[in-house]
Amino acid sequence: MNITPTLLTYLKVLVLVATVPAIVGFIIVTEEAPEGSRAFLLAVAGMASGAGFAIGAGLLPLADVNGNAWRLMYLAAGLGLLLVPDIAR
């Protein structure tokens with residue numbers, strides 16, 4: 001059973017799933033930021049999202065090394081989670 005009956009429906013769902021969380025994230029940054037630093041924090045959020053894309057795209061060739069190498073991308077994300085306590089301070 002297919003969730004999306006056509007390719008066009010699949011593309012619409014994919015765009016929705018990919019953009020809505022990013023939009024909500026930028027809205028949260030805008031609402032929670034102090035009034036004088038909203039532009040700066042939006043720029044930082046934009047750079048962070050761009051860096052996340054670049055890291056994922058950079059690791060993509062590693063996922064093609066062999067059949068199980070795609071797990072390296074998840075390992076890299078997991079290693080990044082180890083930095084969260086230090087960043088939160």
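Using a distance-only test at 3.5 Å, with no hydrogens or angles considered, no donor-acceptor pair links the side chain of Thr9 to the main chain of Pro5.
Take Tyr74 and apply the ring pair (Phe, Tyr, Trp, His ring centres under 6.0 Å) test, not counting sequence neighbours, and it matches Trp70.
Linking ILVMFWY residues whenever their side-chain heavy atoms come closer than 4.5 Å, directly or via other members, leaves Val20 and Leu11 in distinct clusters. Hydrophobic clustering places Val29 together with Met47 (ILVMFWY residues linked when any side-chain heavy atoms are closer than 4.5 Å, directly or through intermediates). At a threshold of 4.5 Å between side-chain heavy atoms, the hydrophobic network of Ile, Leu, Val, Met, Phe, Trp and Tyr places Val44 and Leu42 in one connected group.
Applying the ring-ring contact (aromatic ring centres under 6.0 Å, His included) rule to pairs touching residues 8-37 yields nothing, sequence neighbours excluded.
The other members of the hydrophobic cluster of Ile23, by chain and number, are Ile27 (side-chain heavy atoms under 4.5 Å, ILVMFWY only).
The structure places CD of Glu31 at 6.5 Å from CZ of Arg38, a figure rounded to the nearest 0.5 Å. Once rounded to the nearest 0.5 Å, the distance linking CG of Leu14 with OG1 of Thr19 reads 9.0 Å.
Closest heavy-atom contact between Leu62 and Ala69: O-CB, 3.1 Å. For Pro21 against Leu16, the heavy-atom pair with the smallest separation is CD-O, 4.2 Å.
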Go through Met73 and Leu60 one step at a time and tell me if the side chain to side chain contact (heavy atoms under 4.5 Å, CB included) criterion holds. CA-CA 8 Å; Met73 296 180 72; Leu60 197 55; 4.2 Å; yes
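Enclosure of atom CG in Asn66 by more than 12 non-hydrogen atoms of other residues, nucleotides or ligands within 6.0 angstrom is indicated.
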